[in-house]
Novice: 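I have a structure I would like to understand better, so I am pasting it below and will then ask my questions one at a time.
If you read the sequence from its start, that first residue is 1, and numbering goes on from there.
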Amino acid sequence: MKLSPLYVQWEQEAQKQGQRMIVENLLTVRFGTLDEQLATIIHPILELPSQEYASLLLQLSNLSREDLLAKFNSNHS
């Protein structure tokens, strides 16, 4: 069965939105709030290769806010 291109596009966008919500929720739980600085690193986090993305999410509880922001300000600007 061949899926319509519109359905495939919708499915991909829904998956990206779900991943975004996960990252937003993890950052909020970890740091208490999702301020402008943290919000700016969400897109770079979502753009990581899948293995690096998963690794970062697993390490999130051990990273300070400053370390996380520094990682993305220096490596993903």
Novice: When rounded to the nearest 0.5 angstrom, what is the spacing between CG in Leu69 and CG in Leu63?
Specialist: 10.5 Å
Novice: Taking Arg65 for the side chain and Phe31 for the main chain, is one N or O donor matched with an acceptor at less than 3.5 Å?
Specialist: no
Novice: Can you measure from CE (Met21) to OG1 (Thr28) and round to the nearest 0.5 angstrom?
Specialist: 11.0 Å
Novice: Applying side chain to side chain contact (heavy atoms under 4.5 Å, CB included), name anything that partners Leu3, two or more places apart in sequence or on another chain.
Specialist: Met1, Tyr7, Val8
Novice: Is there a donor in the side chain of Gln17 and an acceptor in the side chain of Glu13, or the other way round, less than 3.5 Å apart?
Specialist: no
Novice: Closest heavy-atom contact between Phe72 and Leu56?
Specialist: CZ-CD2, 3.6 Å
Novice: Would you compute the distance between atom CD of Gln37 and atom CG of Leu27 and round it to the nearest 0.5 angstrom?
Specialist: 12.5 Å
Novice: For the CD1 atom of Ile22 and the CG atom of Leu46, what is their distance to the nearest 0.5 Å?
Specialist: 9.5 Å
Novice: Atom OG1 of Thr40 and atom CG of Asp35: how far apart are they, to the nearest 0.5 Å?
Specialist: 8.5 Å
Novice: Flag yes if Ile41 and Val29 sit in one hydrophobic cluster, no otherwise; membership is Ile, Leu, Val, Met, Phe, Trp, Tyr, and two members link when side-chain heavy atoms are under 4.5 Å apart.
Specialist: no
Novice: What distance do Tyr53 atom OH and Ile45 atom CD1 have between them, rounded to the nearest 0.5 Å?
Specialist: 8.5 Å
Novice: Using side-chain heavy atoms (C-beta onward) and a distance below 4.5 Å, is Thr33 in contact with Leu38?
Specialist: no
